[in-house]
Amino acid sequence: MVKKPVNVGGYLRLATEDYITIIAEFMAGFSEDAFGRPVQPETMLPVAKEAASSGRFADAKNPVSNKVYQSIGFLDAGRIADIKFDLRP
């Protein structure tokens with residue numbers, strides 16, 4: 001059973017290719033917050049497209065989170081070899 005978050009605005013929706021721009025903007029913002037350097041959302045479009053078409057990414061080295069995802073119905077659909085962020089100005 002999926003538990004909806006409380007005190008969070010908005011609603012759950014499937015991340016489809018219609019949301020690639022929003023996903024790219026989120027990823028760029030996350031990259032900037034995490035690494036302290038601005039990232040143009042356009043550079044995140046290929047990764048956003050992959051995220052929208054594949055569903056959910058999980059850390060293969062974290063058995064606890066993987067067990068949780070599997071318990072609510074997520075299936076292993078493959079591996080991403082490497083995602084790199086270019087932090088050069």
Side-chain angles (χ1 to χ4, degrees):
M1 178 178 182
V2 176
K3 295 181 181 178
K4 293 183 180 180
V6 294
N7 301 321
V8 176
Y11 57 92
L12 295 174
R13 60 184 174 238
L14 182 62
T16 65
E17 290 197 21
D18 296 336
Y19 298 104
I20 290 174
T21 302
I22 294 169
I23 295 168
E25 290 170 358
F26 171 81
M27 290 178 156
F30 175 82
S31 297
E32 185 171 350
D33 291 346
F35 300 109
R37 298 185 76 182
V39 176
Q40 295 300 316
E42 298 81 27
T43 65
M44 301 305 293
L45 287 171
V47 179
K49 186 173 184 177
E50 179 66 26
S53 65
S54 66
R56 174 74 176 97
F57 294 105
D59 181 357
K61 296 179 184 175
N62 188 334
V64 175
S65 69
N66 289 330
K67 185 175 180 181
V68 170
Y69 287 125
Q70 290 171 0
S71 74
I72 60 173
F74 283 93
L75 301 174
D76 186 353
R79 307 267 184 250
I80 296 176
D82 198 10
I83 295 178
K84 295 180 180 179
F85 296 97
D86 185 357
L87 299 179
R88 291 175 283 172

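When all heavy atoms are compared, the tightest approach of V39 to A28 is O-CB, 3.4 Å. Here the closest non-hydrogen pair linking A48 and A24 is CB-N, 3.6 Å.
In this structure, the side-chain contact (heavy atoms from CB on, under 4.5 Å) partners of E32, at least two apart in sequence or on a different chain, are P38. Partners of T21 according to the side-chain contact (heavy atoms from CB on, under 4.5 Å) rule, which considers only residues two or more places apart in sequence or in another chain, are E25.
Note on V47 and I22: same hydrophobic cluster, where clusters join Ile, Leu, Val, Met, Phe, Trp and Tyr whose side-chain heavy atoms are under 4.5 Å apart, directly or indirectly. Linking ILVMFWY residues whenever their side-chain heavy atoms come closer than 4.5 Å, directly or via other members, places Y19 and M44 in the same cluster.
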